[in-house]
Amino acid sequence: MKKFASARLASVVNRPLLPTERSLLLALLAARWVAIAWLGGLLIVGWGDLRRPAVAVGVASAELALCVLATWLFTHAPRGLTMVPFVVVDVVLAAALYTADGAAYATGHVFGTSQNLAGQWPLLATLHAAVVLGPWTAGLAAIPIAASRYLGAAANDVGPMTAKHHVSIFSTVVFLGVAAGVGGTLARLLRRVETEVATGRARDEVARTLHDTVLQTLALVERRTATSDPELAAHARRSDRELRAYLFGAAADAGGSLEARVRQAAEQAAARFDTPTVVNVLEDGCRLSTEQLAAVAAAVGEAVANAAEHAQAQRIVVFAEADRDSLFASVRDDGCGFDPSADCDGHHGVRQSIIGRMTDAFGRAEIDSAPGRGTEVRLWIP
Amino acid sequence: MTTDSSRGNPLRIVLADDHAIVRAGLRAELGPSFDVVGEADDAEGAIDVVRARRPDLVVCDLHMPRGGGLAVVSACATECPIVILTVSEAESDLLEVVAAGAAGYLLKTTPLDDLRAGLRRAARGEPVFSPSLAALVLGEFRRLAKAAGTNPLSERERGVLQLVARGHTYGDIGRDLSISPRTAENHVRNILGKLQLSRRADLVRYAVEHGLD
């Protein structure tokens with residue numbers, strides 16, 4: 001448990017501040033200064049009620065010093081604010097305010113009045129800990145603070161603690177725990193989103209650079225060696241396709257989208273025979289089921305494989321257009337075509353397979369071909 | 001428009017690409033039926049050369065310094081046809097450049113014969129429409145239709161565009177729709193015109209909304 005906690009702590013603490021974190025810590029810093037002003041005001045206004053003014057002034061000065069330190073750290077060494085020592089001092093001092101409160105004021109102050117030397121400090125310290133160390137670790141801050149409240153009650157000579165007193169202190173614990181949980185979780189979420197955005201942006205940078213130089217070169221190689229060295233040309237074409245898929249595939253990374261599925265099926269089928277294949281998908285909020293999408297993608301894949309393998313096609317064009325509840329797709333090749341009325345086995349098998357897949361998906365398929373004029377496979381849902 | 005190639009004279013073209021090796025390669029490969037009368041390695045240079053030499057056709061890279069193909073098309077599209085060469089069809093700027101007046105685009109990996117045929121067609125004033133470009137344009141009009149409530153394209157035009165996107169030739173389309181291939185081509189030309197019109201309207205609307213002059 002301890003190792004787990006310290007590992008998690010290490011991963012959170014030892015890294016540079018993200019812009020979100022800076023903003024959050026800056027907001028907390030501003031709140032601290034407001035709290036200092038409030039603390040000063042409280043002392044001045046309630047000076048007469050103080051039994052031991054030295055104690056009150058002492059802790060107030062300590063908080064002031066902490067504020068100054070926090071401001072200095074923020075401007076010169078922001079990572080210092082994320083270090084455990086700072087958080088510990090922060091929480092302990094905030095907790096100590098409760099004890100000081102009990103000690104500094106006359107008996108009857110604690111639980112008697114609504115003003116408290118601690119003010120917002122425990123909350124601020126907890127929130128800071130939550131942003132920096134995460135929700136669970138920060139939740140632990142409630143313990144010393146609650147303990148200090150008991151000490152404060154004792155220092156104020158409250159006498160035997162009643163149920164109401166315990167409830168009051170427990171509600172502090174709950175409040176701080178919730179604040180830690182909410183604040184910590186939010187901060188973590190913001191951190192994660194920010195990191196993802198940064199990674200995406202970095203990838204785009206790489207893509208732009210690679211795109212302009214490497215893809216150019218591959219295109220050149222492909223065209224120069226098309227006749228003199230077809231094997232190299234094919235190799236260049238494959239690399240081009242793969243690089244293109246990586247660079248621009250991030251957008252189609254939507255996993256289960258129609259475009260992603262169709263593209264993947266077509267490219268896999270065409271890759272085996274290295275036939276140039278063009279895929280264009282127009283999607284507009286397609287709400288067909290996963291099974292239907294899978295069926296269409298599979299049918300497209302079969303059609304492409306068939307065109308590449310049997311039809312000696314020079315080019316295959318895959319097209320799909322989808323609305324919310326309907327879809328049309330086509331696979332056209334400029335190959336040798338076949339006579340649909342002649343029922344030779346090879347063609348028959350593929351045709352039945354494609355038609356079968358589409359009918360199972362509540363759609364239909366049409367295969368249109370003529371010798372010498374290429375083939376077009378058309379798919380519809382419904 | 002004079003079609004010098006039909007009279008046997010080579011087509012006068014300007015090549016613009018920021019990679020010298022690409023320009024050299026094209027110059028060598030296009031052969032004697034194309035006469036390279038000027039070259040440029042950035043958009044401003046390209047515009048200057050085009051205005052100075054008045055070629056029959058401009059072949060221009062999409063990405064170049066000082067504005068890229070878009071700048072060249074915006075400046076010179078009315079003066080002579082411009083074909084954009086690009087490495088990838090996944091470019092987000094392709095629609096932009098076609099809507100700004102380019103005659104079309106071709107992939108740098110297009111086989112030589114198709115490349116020459118496409119360039120000659122562009123010089124004759126015919127739009128160079130690949131299935132991917134057709135799909136891009138189809139998508140754009142779908143978007144416009146959604147925003148405006150009605151599709152600026154007619155049913156027939158939509159049908160033709162979809163057939164091009166599916167890989168059909170103008171001959172195929174003619175057969176399928178019982179029209180002549182020339183009529184199919186005209187439909188595509190009109191569609192391109194509508195795209196450019198709508199893009200210009202967008203720009204005007206934007207300028208008006210933002211008080212630009």
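Each chain gets a letter, A, B and so on, in the order its sequence line appears, and its residues count up from 1.
- Atom-to-atom distance recorded for T217(A):OG1 and I21(B):CD1 is 7.5 Å, nearest 0.5 angstrom.
- Contact record, P131(B) with V317(A): CB-CG1, 4.0 Å, taken as the closest heavy-atom pair.
- When all heavy atoms of A219(A) and K108(B) are compared, the pair lying nearest together is CB-CB, 4.1 Å.
- In this structure, the portion of E376(A) lying under 4.5 Å from any heavy atom of chain B is its side chain and not its backbone.
- L282(A) touches chain B through backbone and side chain together, each having a heavy atom under 4.5 Å away.
- Annotation: maximal heavy-atom pairing with chain B below 4.5 Å, among R373(A), R378(A), R315(A), occurs at R373(A).
- In this structure, R189(B) places its CZ atom where more than 12 heavy-atom neighbours from other residues, nucleotides or ligands lie under 6.0 Å away.
- The interface of residues 170-185 of chain B with chain A, defined by heavy-atom distances below 4.5 Å, comprises D172(B), R175(B).
- Proximity to chain A (any heavy atom under 4.5 Å) is restricted, for T110(B), to the backbone atoms N, CA, C and O.
- Taking 4.5 Å as the limit, some side-chain heavy atom of L138(B) sits within range of a side-chain heavy atom of E321(A).
- Within a 6.0 Å radius of CG in L112(B), more than 12 heavy atoms belonging to other residues, nucleotides or ligands are found.
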| said: Under the criterion side chain to side chain contact (heavy atoms under 4.5 Å, CB included), I'd like the reasoning laid out for R332(A) against L163(B): C-alpha separation, chi angles, the key distance, then a yes or no. | reply: CA-CA 10 Å; R332(A) 184 163 183 9; L163(B) 284 167; over 6 Å; no
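- You'll find the side chain of S330(A) stays beyond 4.5 Å of the side chain of H168(B), heavy atoms only.
- By the 4.5 Å heavy-atom criterion applied to side chains, E29(B) and R224(A) are counted as neighbours.
- Of the atoms belonging to R143(B), not a single heavy atom falls under 4.5 Å from chain A.
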